[in-house]
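What follows is one structure encoded as structure tokens, with my remarks underneath.
Numbered from 1 within each chain, the chains take letters A, B, ... in sequence-line order.
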Number of protein chains: 2
Amino acid sequence: MAVKILLVEDDTAIREMLQLPLHKAGYAVREAGDVRTAKALLLEDPPDLILLDWMLPDTSGLDWARTLKASPITKDIPIIMLTARGEEEDRVRGLDVGADDYVTKPFSPRELVARIKAVLRRTAPITSEEPVEVEGLRLDPVSHRVSGNGEALSMGPTEYNLLHFFMTHQDRVFTRGQLLDQVWGTNVYVEERTVDVHIRRLRKALALTGHDHLVQTVRGSGYRFSQTP
Amino acid sequence: MAVKILLVEDDTAIREMLQLPLHKAGYAVREAGDVRTAKALLLEDPPDLILLDWMLPDTSGLDWARTLKASPITKDIPIIMLTARGEEEDRVRGLDVGADDYVTKPFSPRELVARIKAVLRRTAPITSEEPVEVEGLRLDPVSHRVSGNGEALSMGPTEYNLLHFFMTHQDRVFTRGQLLDQVWGTNVYVEERTVDVHIRRLRKALALTGHDHLVQTVRGSGYRFSQTP
DNA sequence: CAGGGATGTTACAGCTGTGTGACGGCGAAG
DNA sequence: CTTCGCCGTCACACAGCTGTAACATCCCTG
């Protein structure tokens, strides 16, 4: 699923300069020239990260950052402040306000992208890293390994993700559409029958240690992962 | 793992000047512009050394140094104070407070690196630099040497840091981004593919004694160091 | 029992991610 | 100054994975 970025910057030149690099980096960017517009976009579809200019026509970006970080709803959205050189004092206040990082103008698009990645990495929610085990079938997210009764099982990335999702959501039927959303990510256009193929590949991998019976078909509905048939 | 340094300095010019030399000297540097940010970084991942500016926007660096040296948890982290010329009196107080060394601005990066080495040498706990050995592959942080089955292996500083990090964090998958954070340091912005190249160089070095299989690729996720394939 | 929809299975062409060699730059060493 | 070594980036090659179509098989329904 594409990472959504809200770019709040009144300088059109900078916005245009960033458009292409951010898009090439795989980010879905939405732009605003002032805080008023930004607020509207924020409510409409909350982004995963906000690039916030320090100087804005209506409200100070700094003030808005403080507001965002104060609200329990928006406080977890990371903010990178864009500051002009010579606003060192502002920069300090920016971090003080709760911004996650700052970039000093002029900056290279490459540096910005690198910082975005770093911030997203740092603020990423801690995903379940606990090993899961069912009937001797073991999946360890930390080492990224799957084994059946101690014997190593090898599979592709998609099959691994599929299995991880199944093992953490047992005894529940999922439609092909739900699996596409959860495992492939939303906003992907893929045929539903593709799920069948990956189910097949997963079963084939699990069959090596006889664990393929855990992946069950519910005719007319979808698939289920369960110990009981 | 690379020696981690926390640089607390509000002057961006100085931070930029130090970034490259410190990185090239093999240190993973994290930066903070004020004590508040520094505290956060300190808690997140304790560094091996702190470079502390005397004048800071929020709290006096001197006060913070005193606090650090008073706490049993942080008192063993060496501190080098960065002082402006003519603050001789401060310097005395700095040392009095428990700082391990001081450097007077302006200073050359080379001089700073030399002092860092000296301080680390002086304060290096005998216990924290344990040699690591896996399947006859041996890395000794004290002598900074790597050998496979007794035969010496030569590699560049980055490959050494990478290997050290891997050997102290086995059986765990790291993304390229995480490796950049941990081995290169958070404030160095390089392409993620650069990691691939250094992995390649590391493997090439290890291949001399047939230990290259320990560095494993996890397609779609990153790299892993492990005895088991 | 026949028909038809749903699912299993296989093959394959395209694409993405990774391996690999080369190159220019830069600082250190001499 | 020159030489050397290391670093970051790029371009290209290749292997593995992905999504889709086509065909086979299964199972429900009437």
Side-chain angles (χ1 to χ4, degrees), chain A residues 21 24-26 108-111 113-114 144 154-163 173-177 179-180 183-185 187-207 212-213 215-224, chain B residues 2 17-28 108-114 117 144 153-163 173-177 179-180 183-185 187-207 212-213 215-224:
Chain A
K24 284 185 70 176
S108 71
R110 171 177 295 183
E111 180 190 353
V113 169
H144 212 274
S154 103
M155 60 188 73
T158 305
E159 285 73 46
Y160 175 88
N161 291 334
L162 194 54
L163 180 61
V173 179
F174 295 97
T175 67
R176 291 169 175 75
L179 289 173
L180 284 177
V183 179
W184 274 255
N187 305 331
V188 278
Y189 67 125
V190 174
E191 293 291 323
E192 292 206 337
R193 285 305 308 274
T194 300
V195 175
D196 296 37
V197 178
H198 282 280
I199 288 282
R200 150 74 173 157
R201 286 169 181 158
L202 175 56
R203 280 175 172 155
K204 198 171 181 181
L206 296 182
D212 53 319
H213 66 281
V215 180
Q216 301 159 2
T217 305
V218 181
R219 190 179 177 84
S221 298
Y223 296 97
R224 173 181 58 198
Chain B
M17 178 187 76
L18 293 179
Q19 209 168 87
L20 195 57
L22 289 178
H23 174 245
K24 299 209 87 165
Y27 300 122
S108 72
R110 177 181 297 185
E111 180 191 353
L112 183 62
V113 169
K117 284 182 183 169
H144 222 265
L153 296 175
S154 103
M155 60 187 72
T158 305
E159 284 73 43
Y160 174 86
N161 288 334
L162 193 54
L163 180 60
V173 174
F174 295 97
T175 66
R176 291 169 175 75
L179 290 173
L180 285 178
V183 179
W184 275 255
N187 286 292
V188 180
Y189 299 108
V190 296
E191 295 290 321
E192 292 201 340
R193 284 303 307 271
T194 299
V195 175
D196 295 37
V197 178
H198 283 279
I199 287 281
R200 150 77 174 154
R201 287 168 181 160
L202 175 57
R203 278 175 173 156
K204 201 169 180 180
L206 297 181
D212 53 319
H213 67 281
V215 180
Q216 302 160 0
T217 305
V218 180
R219 180 174 250 264
S221 294
Y223 295 98
R224 174 180 59 200

Is any side-chain N or O of A/Trp184 closer than 4.0 Å to OP1 or OP2 of D/dT18?
-> no

Taking D/dC6, D/dT20, C/dG19 as options, the one with an atom nearest any side-chain atom of B/Pro157 is D/dC6

Please tell me if the side chains of A/Leu162 and A/Val215 come closer than 4.5 Å, counting only heavy atoms from C-beta onward.
-> no

Nearest atoms (heavy-atom pairs only) where A/Ser154 meets A/Ala205 = O-CB, 3.8 Å

Walk me through it: do B/Met155 and B/Lys204 pass the test side-chain contact (heavy atoms from CB on, under 4.5 Å)?
-> CA-CA 9 Å; B/Met155 60 187 72; B/Lys204 201 169 180 180; over 6 Å; no

In whole angstrom, give the distance that lies between atom CD of B/Glu191 and atom P of D/dA11.
-> 12 Å

Send over the distance from B/Lys204 NZ to C/dA22 C1', rounded to a whole Å.
-> 11 Å

Dump the intermediate steps for side-chain contact (heavy atoms from CB on, under 4.5 Å) on B/Tyr189 and A/Arg110, then the final yes or no.
-> CA-CA 8 Å; B/Tyr189 299 108; A/Arg110 171 177 295 183; 5.9 Å; no

How close or far is atom P of C/dG17 from atom OH of A/Tyr160, stated in whole angstroms?
-> 18 Å

Counting any heavy atom closer than 4.0 Å, what does A/Glu192 reach on the DNA or RNA strands: base, sugar-phosphate only, or nothing?
-> nothing

A/Ile199 CD1 to D/dG19 C1': how many Å, rounded?
-> 15 Å

For the pair made of CG in B/Asp212 and C1' in C/dT20, what is the distance, rounded to whole Å?
-> 14 Å

Identify whether any heavy atom of B/Thr217 sits under 4.0 Å from a base atom; if not, whether one sits that close to sugar-phosphate; answer base, sugar-phosphate or nothing.
-> sugar-phosphate

Result for 5'-nearest mapping on DNA chain D, choosing between A/Thr158 and B/Met155, is B/Met155

Describe, in one word, how the ring planes of A/His198 and A/Trp184 are oriented to each other, choosing from parallel (under 30°), tilted (30 to 60°) and perpendicular (over 60°).
-> perpendicular

For A/His198 and D/dG16, give me the distance from atom NE2 to atom C1', rounded to whole Å.
-> 13 Å

Inter-residue atom distance A/Thr194.OG1 - A/Leu179.CG, 0.5 Å rounding = 12.0 Å

Short N/O separations, protein against nucleotides 24-30 of chain D, under 3.5 angstrom:
none

Closest listed nucleotide, where the reference is the side chain of A/Glu159 and the choices are D/dC7, C/dT7, D/dT18 | D/dT18

Rounded to whole angstrom units, what separation is found between the CD atom of B/Gln216 and the P atom of C/dG17?
-> 21 Å

Minimum side-chain heavy-atom gap A/Arg176-A/Asp196 below 4.5 Å | yes

Please work out if B/Tyr223 contacts a base, only the sugar-phosphate, or nothing of the nucleic acid, heavy-atom cut-off 4.0 Å.
-> sugar-phosphate

Check whether any side-chain heavy atom of B/Thr217 lies under 4.5 Å from a side-chain heavy atom of B/Tyr223, and answer yes or no.
-> yes

How do A/Val190 and A/Gly156 order along DNA chain D: which one's closest nucleotide is nearer the 5' end?
-> A/Gly156

Take atom CG of B/Asp196 and atom C1' of C/dT16, then tell me their distance rounded to the nearest Å.
-> 13 Å

May I ask you to say what A/Arg193 touches in the nucleic acid, namely base, sugar-phosphate or nothing, with a heavy-atom cut-off under 4.0 Å?
-> base

By nearest nucleotide on DNA chain C, pick out whichever of A/Arg201 and A/Gly222 is the more 5' one.
-> A/Gly222

